[in-house]
**Q** 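This is the structure I want to talk about, given as C-alpha cells.
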Amino acid sequence: MSRLEKIYFSIVEWGTYIALFTPLILFRTYFFPYVSPKTIFFRIIVDIIFIAYILLVVSNRRYLPKFNALTISVTAFIAVLFLTSLTGISFTKSFWSTFERMTGLLTFFHLYAFFIILTSVFRERKYWERIFIVSIIVGVLSSLYALLSEDSTSRSGGTIGNIDFLAFYLSFNIFFAAIFFFIKSNWWRLFHALSFSLMIFTLLSAKEMPRGSLGAIFFGFFLLVLGYMVFSGNRRLKKLAPVLLILTVVAGYGVTQTKIFKEGFVDVNKNVPGRARELVWGIGINGWQERPILGWGLENFNIPFAKYFPPELPLTNDVWYDRVHNIALDIMVQSGIVGLISYLAIFGVAIFSLLKMCPKVVEKRNLFVPLGMTATLLAYFAQNIWVFDMISSYLMFFLSLAFINFLISKKEEERPVLPVKKNQLILLLGGFLIILTIFTFYYGNVRSARASKLIVQGMASPLEKAIANFQKAIAISPMSIFEGPEQLSKKIENASFDSKQDKKTVENGFIISAAELKKSIDKNPQDYRLYLILGRHYNNFFLFSQDKKQLEQAEIYLNKALELSPKNQQTYWSLAQTRLSQQKPEEVISLLQKAIDLEPRYYQSHWYLALAYKIIGKNELALKKVEDAENAGFDWRGDLDSLKKVIEIYQELRDNANLVKLYPMAIKMDPKNAQFWAAQAVALANVGQFKEARVSAQKAIELKPDFAKDIEAFLNSLPK
C-alpha cells in the first residue's frame, strides 16, 4: 500500500468511526435540533470520506465496488426511489425533504454512498470489529445521556429526542453487543454484557416504555435462539426447536386473550394512538390505490393524507401526519408496489444469504453472527410496522447491510495496484464525482445548516431582524421553502397582536410572508397545508389592516384548501373566520355546522360555533353549543381564556346565578385580577349576597386602588 493510499484509507476509516457518532449530535440552535444537525453532520462526514474513497479508487482499482445480489438490491431500491420521485408530485420535496425529517433523496444518496464505501474498503474482519465496538460505545453514551439528563425530552429520548426513535436506534447496538458477547472471550465479553444490559435497562426504565420496540427486540432474540437450535448441529436441540416454536405460539395466543393485553395493547378506542394508526393506515391504503405502481413520490404522503383525511382523526388529538407509520404502507404510498418489491428484496436477499451460510459455519459459536444479523434485520422490520426511520436508524440499517455484504461476499486475493494511466475513464469519473461532492457539501449541507440556524434566529429575534433572517434562510437553501414561510407567517401573526410593534414593519411582514408562501405553493401546488396557512395568513392580515382585499385573498386560498381536503375541519373553521369578517353570519353558522356534521364527537367544532353565536349575539344558542362542547370532552372551565368567554356570555344574559359560580374559578386561576374581584362583587350583590360582595369589592380595591372611587360608590349603594 502506497503512502497516499494509506492516507486515503485512514481518512475513510476514521471518517467512518466519526460518522457513527451521528446519534450524539445535538445543537439546540438549529431548527428541529434533534434531526437537522444529525443529518447534516452525517452527510458532511460522508462527503469527506467519499472524496477520500474516490482518491483511493484512483490510486488502486481494487477498491472499486464489487456488485453481488445484495449490492444490486440496495442499488435497485435507491434507483426506484429516484425514479418514483421523478414521477411523483413534487421532486423538490422528494429531493430535499424538510428540516423535521431530512429523509429525502439527498440523504438516501449519502446513505447509499456510505454503504458502497463500507463494502468496497473494509474487507477484513478486524475493521468491522472496530466499527461495531465504536457503534456500541456510541449506543452506551446515548443510553447514559438519556438516563442522566435533567431535560425532560432528553431524559426520555436522549440525544435523539424521542423514546421510540431512541429504541429503534439502540436495538441495532443491542443485537451487536449480544453477537459479540457470544463470539468473544475474556474482558471483551464483560464489556459487551454490560453494554447490552445498560441499553436494555435504558428502554425498560423509560417513562413511556417503548413496548413496540421491546417486543420486536425480544422477538428477534427468540428467532436467534430458535435459529441456533436449528443450525447448531445438536440433534437434541434441533428436535426441541419445533416444540419451542409451538409452545411460544400457544403462550403468545394465551397472552393475547388476557384482560391486561386487551386493555393495554389491543383496545383502540377513539382517543388512543392505536386508533390514529388505524386511521392513517387507511389513508395510506387509499393513497396507494390511487397511484399503485409508482406512488406519489418520496416525502409526498402529505398530499394523499389531505385528500383522504378522515374527520374522525382529530379525536386522536393529532391532525397532521407526514408518514403512514408503517414501513410497507409508507413505501407503497411513496414509491408504489415497485418500491415495496425493491425494498423487500433487500431483506429477502440479505436473510437468504445469511441463512445459506449457516450450515457452512465450522465453529458453532460463530453461528451467532449470521443468525444475529438475521434477527437484527427482522427486529428492525418489525419495529418499522409502527414507527418510521430517521437518520440514526437509517445509519444503522445501511451499516448492517454493509456488514452483511462483507459476510456473504466471496473472499478474493487482493488485486495488484494498477497504474491510473491505463484507465483514464476512472480518473475522469473520479474528478467529476469529487466536483459533484464538493458542490453537494456546500449547497446541500453547509447552506442547509445555515438556513436551519437562521430560521431559529428568526423565531427568536425582534421582528425587523426576524424578517431578514427568514428571508435569508429561504434564499440560501431550497429546503427552507417548506417550513420557513410557515414560521415567518406565525411570527408576523403574533406580532400583529402586539400593540408595541411598529405597524409599518408588521404590514411589510404580512406582505413578505404572503409572497414567500405563494412561492412555496408554486413549488407544491397540491399541498393543502400551504393553502390553509396562506388563507389564515390573509385572515390575520385583515384583522390587522381592516383591508377587505385581504379577505378576498383568504377566500381564494381557503376554497382551494377545501378542494384539496374536503373533510378537514380546519378549513371550515378558517373559512368561517373569513365570513365572520365579511359580516355574513348565516354562512359562518353554516360552515361551522358542516364541520360539526363531519364529526359530531369533536369538541373543537362545537366550541367554535359557540363563539360564533356569542359574537353575533345569539347567546342562548351559544350556551347550548358550550354544553355540546363540554359533552364532547372540552374542559372549558380548566382554561382561563375559554372560561372568560363563557363568563361574557352569562354577562350578556345577566345570569348572575351562574356568574357567582364561575368567577371563583377564574379568580383561582388569576387571583391578582382586580377586574374579576370587582365583577364578582357585582354578581354577588345581584343575587343578594351583600356581605360576600363587600369582601370581594374590598379585595378589588387592594389589588387596584384606581378602582376605589367607583367601588366606594358601589358599596354605598348596597343595603346596610
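All values below come from the heavy atoms of this structure, side chains included, with hydrogens, waters and symmetry mates left out. Just so we're clear, the structure is a prediction, and the values are computed from it rather than from any experiment. Count residues from 1 along the sequence.
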**Q** Which label fits Phe122 and Phe9: parallel for a plane angle under 30°, tilted from 30 to 60°, or perpendicular past 60°?
**A** perpendicular
**Q** Step by step, would you call Leu313 with Asp318 a side chain to side chain contact (heavy atoms under 4.5 Å, CB included)?
**A** CA-CA 7 Å; Leu313 187 61; Asp318 205 344; 5.9 Å; no
**Q** Under 3.5 Å, is there a donor-acceptor pair linking the side chains of Asn300 and Ser90?
**A** no
**Q** Does a side-chain N-to-carboxylate-O contact under 4.0 Å join Arg130 and Glu13?
**A**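 Glu13 and Arg130: salt-bridged.
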**Q** Between Thr376 and Ser400, is the side-chain hydrogen bond (donor to acceptor under 3.5 Å, both in side chains) condition met? List the steps.
**A** CA-CA 8 Å; Thr376 302; Ser400 299; over 6 Å; no
**Q** Any ring pair (Phe, Tyr, Trp, His ring centres under 6.0 Å) involving residues 440-486? Give me the pairs, sequence neighbours left out, ordered by first then second residue.
**A**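 Of all non-adjacent pairs touching residues 440-486, those that pass ring pair (Phe, Tyr, Trp, His ring centres under 6.0 Å) are Phe439-Tyr443.
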**Q** Under the criterion side-chain hydrogen bond (donor to acceptor under 3.5 Å, both in side chains), I'd like the reasoning laid out for Thr75 against Tyr112: C-alpha separation, chi angles, the key distance, then a yes or no.
**A** CA-CA 8 Å; Thr75 303; Tyr112 179 66; 2.6 Å; yes
**Q** So does Leu26 get a backbone contact from the side chain of Thr159, meaning a donor-acceptor N/O pair under 3.5 Å?
**A**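 A pair under 3.5 Å: no.
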**Q** When you measure from the side chain of Trp296 to the backbone of Ser85, do you find a donor-acceptor pair of N or O atoms at a distance under 3.5 Å?
**A**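 Here the side-chain-to-backbone pair does not exist.
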**Q** Do the side chains of Arg323 and Glu299 get close enough for a salt bridge, i.e. N-O under 4.0 angstrom?
**A** yes
**Q** Under the criterion salt bridge (charged side-chain N to carboxylate O under 4.0 Å, His left out), I'd like the reasoning laid out for Lys307 against Glu290: C-alpha separation, chi angles, the key distance, then a yes or no.
**A** CA-CA 11 Å; Lys307 186 173 184 177; Glu290 183 174 343; 2.8 Å; yes
**Q** Are the side chain of Ser480 and the backbone of Ala473 linked by a donor-acceptor contact shorter than 3.5 Å?
**A** yes
**Q** Does a donor on one side chain sit under 3.5 Å from an acceptor on the other, for Tyr531 and Asp527?
**A**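 Looking only at side-chain atoms, Asp527 and Tyr531 do not form any donor-acceptor pair under 3.5 Å.
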**Q** Which pair of heavy atoms, one from Ile533 and one from Ser489, lies closest together, and at what distance?
**A**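 Residues Ile533 and Ser489, closest heavy atoms: CG2-OG, 4.2 Å.
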**Q** Can you find a pair of side-chain heavy atoms, one from Leu24 and one from Ser142, that are under 4.5 Å apart?
**A** yes
**Q** One pair to check against side-chain hydrogen bond (donor to acceptor under 3.5 Å, both in side chains): Asn405 and Thr71. What are the steps and the verdict?
**A** CA-CA 7 Å; Asn405 190 80; Thr71 308; 3.0 Å; yes
**Q** Determine the minimum heavy-atom distance between Ala146 and Leu166, stating which atoms define it.
**A**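 Reported closest heavy-atom pair: CB-CD2, 4.0 Å.
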**Q** Could you measure the distance from the CD1 atom of Ile521 to the CG atom of Leu534? Nearest 0.5 Å is fine.
**A**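 These two atoms lie 5.0 Å from each other.
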**Q** Taking Thr316 for the side chain and Ala276 for the main chain, is one N or O donor matched with an acceptor at less than 3.5 Å?
**A** no
**Q** Could you tell me the separation between the OG atom of Ser565 and the OH atom of Tyr308, rounded to the nearest 0.5 Å?
**A** 11.5 Å
**Q** So which atom in Thr103 and which in Asp389 form the shortest heavy-atom distance, rounded to 0.1 Å?
**A**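 What the structure gives for the nearest pair is CG2-O, 4.2 Å.
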**Q** Which pair of non-hydrogen atoms, one from Leu488 and one from Ile512, has the smallest distance, and what is that distance?
**A** CD2-CG2, 4.1 Å
**Q** Nearest 0.5 Å please: distance from the CZ atom of Phe50 over to the OG1 atom of Thr440.
**A** 9.5 Å
**Q** Closer than 3.5 angstrom, by distance alone: can the side chain of Gln550 be matched with the main-chain N or O of Asn539 as a donor-acceptor pair?
**A**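 Between the backbone of Asn539 and the side chain of Gln550 there is no qualifying donor-acceptor contact (under 3.5 Å).
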**Q** Are any of the side-chain heavy atoms of Leu141 and Ile137 separated by less than 4.5 Å?
**A** yes
**Q** Using a distance-only test with no angle check, is there a side-chain donor-acceptor pair under 3.5 angstrom linking Ser496 and Asn540?
**A** no
**Q** Would you mind listing every side-chain hydrogen bond (donor to acceptor under 3.5 Å, both in side chains) that reaches into residues 327-338, with sequence neighbours excluded?
**A**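 Residue pairs with at least one partner in residues 327-338: Thr84-Ser335.
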**Q** Is a donor on one side and an acceptor on the other found under 3.5 Å between the side chain of Ser73 and the backbone of Leu70?
**A**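 Here the side-chain-to-backbone pair exists.
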**Q** Check this for me: Phe67, atom CZ, are more than 12 non-hydrogen atoms of other residues, nucleotides or ligands nearer than 6.0 Å?
**A** yes
**Q** Please walk me through it: do Ser392 and Met390 pass side chain to side chain contact (heavy atoms under 4.5 Å, CB included)?
**A** CA-CA 6 Å; Ser392 297; Met390 298 292 277; 5.8 Å; no
**Q** As a quick check of understanding, evaluate side chain to side chain contact (heavy atoms under 4.5 Å, CB included) for Leu56 and Glu5, giving each step before the final call.
**A** CA-CA 6 Å; Leu56 194 58; Glu5 187 179 336; 3.5 Å; yes
**Q** Which value, rounded to the nearest 0.5 Å, describes the distance between Tyr528 atom OH and Gln570 atom CD?
**A** 5.0 Å
**Q** Could Arg277 and Trp386 be counted as a cation-pi pair, given that NZ or CZ must be under 6.0 Å from the ring centre and within 45° of the axis?
**A**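 No, Arg277 does not lie over the aromatic ring of Trp386.
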**Q** If you look at every heavy atom in Asp164 and Pro210, which pair is closest and at what distance?
**A** OD1-CB, 3.8 Å
**Q** May I ask you to decide if Phe168's main-chain N or O and Ser171's side chain share a donor-acceptor pair within less than 3.5 Å?
**A** yes
**Q** Checking Thr437 side chain against Ile51 main chain: does a donor-acceptor pair fall under 3.5 Å?
**A**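 Not confirmed, Thr437 side chain does not pair with Ile51 backbone.
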**Q** Angle between ring planes, Phe27 versus Tyr30, binned at 30° and 60°: parallel, tilted or perpendicular?
**A**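 It falls in the tilted class, 30° to 60°.
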**Q** Once you round to the nearest 0.5 Å, how far does CG of Leu329 lie from CH2 of Trp288?
**A** 9.5 Å
**Q** For the residue pair Ser477 / Arg447, report whether a side-chain donor-acceptor contact shorter than 3.5 Å exists.
**A**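 Side chains of Arg447 and Ser477: no pair found under 3.5 Å.
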**Q** Look only at the side chain of Lys453 and the backbone of Ser448, and say whether a donor-acceptor pair between them is shorter than 3.5 Å.
**A** no
**Q** Are side-chain heavy atoms of Ile89 and Asn524 found at a separation under 4.5 Å?
**A**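 No, their side chains stay 4.5 Å or more apart.
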**Q** For the pair Tyr127 and Thr16, evaluate side-chain hydrogen bond (donor to acceptor under 3.5 Å, both in side chains) and give the outcome as yes or no after the intermediate values.
**A** CA-CA 10 Å; Tyr127 295 114; Thr16 300; over 6 Å; no
**Q** Is the gap between the ring centers of Phe21 and Tyr17 under 6.0 Å?
**A** no
**Q** If the condition is salt bridge (Lys or Arg N to Asp or Glu O under 4.0 Å), which residues does Lys560 pass it with, not counting sequence neighbours?
**A** Glu563
**Q** Just do the side chain to side chain contact (heavy atoms under 4.5 Å, CB included) check on Ile327 and Phe381 with the steps written out, would you?
**A** CA-CA 8 Å; Ile327 187 60; Phe381 187 86; 3.9 Å; yes
**Q** Do the rings of Tyr343 and Phe77 sit parallel, tilted or perpendicular, given the 30° and 60° boundaries?
**A**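 Judged by the thresholds at 30° and 60°, the geometry between Tyr343 and Phe77 is tilted.
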**Q** What I'd like to find out is whether the side chain of Arg101 reaches to under 4.5 Å of the side chain of Phe32, using heavy atoms alone.
**A**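 Sidechains of Phe32 and Arg101: no contact.
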**Q** Can Glu464 and Lys504 be said to form a salt bridge (charged side-chain N to carboxylate O under 4.0 Å, His left out), step by step?
**A** CA-CA 10 Å; Glu464 201 165 291; Lys504 189 65 178 176; over 6 Å; no
**Q** Please report the closest heavy-atom contact between Arg43 and Gly444, naming both atoms and the distance.
**A** NH2-O, 2.9 Å
**Q** Taking Asn162 for its side chain and Phe165 for its backbone only, find out whether a donor-acceptor pair lies under 3.5 Å.
**A** yes
**Q** Quick check for you: to the nearest 0.5 Å, what is the distance between Ser513 atom OG and Ile474 atom CD1?
**A** 9.0 Å
